[in-house]
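Numbered from 1 within each chain, the chains take letters A, B, ... in sequence-line order.
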2 protein chains.
Amino acid sequence: MPLDSLESAGVDTPSMAKHTIYDIARLAGVSGKTVSRVLNNEPSVSPATRDRVARIIDELGYQPHHGARSMRGQQRDCVGVIFSAPMNKWPVSHQQIHWLFLELERIFGARGKFICFDLNPYTNGIEGVDYARALWQQRCNGCLIHGALQLNDKVIARIHSSGYPYMALNRFEEIPDLCFSSVDYDEAAYLSAQRLIRSGHKRIGMLQAFHDTQAGKERRSGYTRALEEAGIEIDDSLIRPVSFAGSDVTAATLYLLLECKASAIIDCSMLEDPASVREGARRAGRIPGKDFELVDWTYSPDSISLPEACAHVRIPLREAASEGMELLAQWFDREREEPFQILRRPELFEADTVRELPIATPIFDTIR
Amino acid sequence: MPLDSLESAGVDTPSMAKHTIYDIARLAGVSGKTVSRVLNNEPSVSPATRDRVARIIDELGYQPHHGARSMRGQQRDCVGVIFSAPMNKWPVSHQQIHWLFLELERIFGARGKFICFDLNPYTNGIEGVDYARALWQQRCNGCLIHGALQLNDKVIARIHSSGYPYMALNRFEEIPDLCFSSVDYDEAAYLSAQRLIRSGHKRIGMLQAFHDTQAGKERRSGYTRALEEAGIEIDDSLIRPVSFAGSDVTAATLYLLLECKASAIIDCSMLEDPASVREGARRAGRIPGKDFELVDWTYSPDSISLPEACAHVRIPLREAASEGMELLAQWFDREREEPFQILRRPELFEADTVRELPIATPIFDTIR
DNA sequence: CTGTTAGCGCATTCAC
DNA sequence: GTGAATGCGCTAACAG
């Protein structure tokens, strides 16, 4: 219902009728285009007109219809946040989701962006799960892809070639120029295996998270590389895929120690839970750090996951992600034109230097 | 760029050109309207035509433009999630944000809804912070308001009268028919004070969270009611507003014990952190549970926050919220027409019965 | 500095 | 069962 006078709208109780720019225009005695100019902070509106229009907009609590805007304009005001798998497959931890929120608020919120989540990654397209519905529908004008990329992922290629700003938190072999910010898991696995080889181990087990993903593949390749360099034969059964269930890690630990006769284990399960590994060891009749050696991986900058480990590997994924999100925000706002690649180096440190927490350093980084 | 043949789009590499229903229509040899009918599952399309159109839609990975749809249709496919204050004012805990996510996924994700967050509640309108931009812009078609409602809140009234489905997680005195799902904080404060009065206390301090909100006001009113019924004079200084900083709780505890000579304290700071209260007591030279009695409040169904407390009050807010979110989803999908009110009863239990966790019961509930 | 016109992609209305 | 015309609210291109 269009308004006939400003008074009928009321300053104290902004009318809930949905206004259009033409309602504003009529009240201000200008054309719709002028209202549009004010809304978009375009120049070439006289200060007096601008003020008058702005005042009416404020008083009515008018906000431009997003759908209509998105049909004409090319502004980018909404970031899609995508989980590449449903949470029951890859449970995102309390800390991680909280961290993500704070970062989104800090980086995109500060720029006035909206955040759109599609929590329904179950819609099957021809290629499997299409997790980027929000992007194709143009609800959002770019996206952040949170979570590992499965090796058979077909959606990421569409996103990559769509022209929308985006960032993944993984590399992806098939798309060398993918925009991502991540950590070199190959290197992390290489460092871990190398460390245990130096201790004289030949049967090194690995609790391998994300086995069907690029991140899992990198674990395998780094591990393999280290063993090959040392002339140790690869035994595939020593690379043990695990899910995020503690029981799975426990069972895999038991299996590696008993069936595979592993004398050392790389815990890159990312569960960051000492209890599961300990329980597996207990069932095998072994004591971690005594009967077998461990290298553990952690995302956390200020803690380790397994005190019994002889060395720890820190995976600075959140730091990489934060850095990348800043760049994504700039790309979004056309402050930079191109995609980027950030790969941070993992840091291995000995258990006896735990107090001196290392600063992670980038390996390569196409943006500097 | 419109397509001239289906082949040129390709099945394996869906074209990234943004298609319209008319592209689909041309390929299928039908009119735009028929494509629209297929998209919206309208009847009166012959099975053969429907299949042909559907197949082309799938092959192109076509998705209807959300902006265009939102201008004509009245479907509701996006829920706004609003934080009534920025996180630096009311920090949402790890657990809470995680819980919220899982619930959103479970309830709205399962229904195929998108979730839109506005993490930029700093835009000032005439009435202060307008946290419902996403709603006014019609990015979303209803919303969940997470967080306490400040007593001077003007936005909630606009939402209430807008006709959009919504739900707050608080009552709001000024709007008796507000749609909400919450817990009776007045009752919780009443039960807490009554419990300490029964132990003979006359100077009962309160660590009062949310003091400038409806939730804080309810704490005060319940407390006051209990004291008045017992004929105890109210000393305002015993009601001590606290923020979510641990140091604030510590300082307030110290103040209540030393300056105000409180002999008992109701901890409804909702910080759920025993260390802060203990530290305040320590600085006052007191030992909690020995030199003074405590009643603590907790949101958690399976733990208590202060083991030293003589009684615990459980605030089943998450249960209330879950229940309400289900109803909001139904309202959203037009399975129910009206707003609703759910108010759950807090439960006080003695420290020695901690193992028997109580089932919270509704106080009133306009939906059954 | 300001206004007019056209059209974005879709759904609604009405015609066939 | 199907299609043509119309308009949602806004902005780009053009005109004055």
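- A side-chain donor-acceptor contact under 3.5 Å links B:Ser322 and B:Glu103.
- Atom CD1 in B:Ile21 sits roughly 12 Å away from atom C1' in D:dG3 (whole-Å rounding).
- For A:Thr34 and C:dC1, the shortest distance from a side-chain N or O to OP1 or OP2 is not below 4.0 Å.
- Note: CG (B:Asn40) to P (C:dT13) measures 13 Å, nearest angstrom.
- Among the atoms of the strands shown, only primed sugar atoms or phosphate atoms (P, OP1, OP2) are found under 4.0 Å from some heavy atom of A:Gln74.
- Under 3.5 Å, the side chain of B:Arg72 and the base of D:dG9 form no donor-acceptor pair of N or O atoms.
- Taking the ring centroids of B:Phe117 and A:Phe101, they lie under the 6.0 Å cut-off.
- The listed nucleotides are C:dC10, C:dG3, D:dG9; the one nearest the side chain of A:Lys33 is C:dG3.
- Contacts of B:Ser70 with the nucleic acid, taken as non-hydrogen atoms under 4.0 Å apart, are absent.
- Between B:Ser36 and C:dA11 there is a side-chain polar atom (N or O) within less than 4.0 angstrom of OP1 or OP2.
- Between B:Arg69 and the phosphate of C:dA11, there is a side-chain N or O to OP1/OP2 separation shorter than 4.0 Å.
- Looking at A:His146 and A:Leu169, their side chains come closer than 4.5 Å, going by heavy atoms from C-beta outward.
- Distance from the side chain of A:His65 is smallest for D:dC10 among the nucleotides C:dG3, C:dA11, D:dC10.
- The residue B:Ser44 sits close to a base: some heavy atom pair falls under 4.0 Å.
- Comparing B:Tyr22 and B:Met71 against DNA chain D, the residue whose closest nucleotide sits nearer the 5' end is B:Tyr22.
- Protein atom CZ of B:Arg52 is 13 Å distant from nucleotide atom C1' of D:dG1, rounded to whole Å.
- Looking at heavy-atom distances under 4.0 Å, B:Gln75 makes no contact with the nucleic acid at all.
- The distance between atom CH2 of A:Trp136 and atom P of C:dC10, rounded to the nearest whole Å, is 16 Å.
- Note: B:His19 and B:Tyr62 fail the aromatic proximity criterion, with ring centroids not under 6.0 Å apart.
- DNA chain D is contacted by both B:Pro43 and B:Gln138; B:Pro43 maps to the nucleotide lying nearer its 5′ end (nearest heavy atom per residue).
- Under the 3.5 Å distance criterion, the side-chain polar atoms of A:Gln341 are matched with a main-chain donor or acceptor of A:Leu178.
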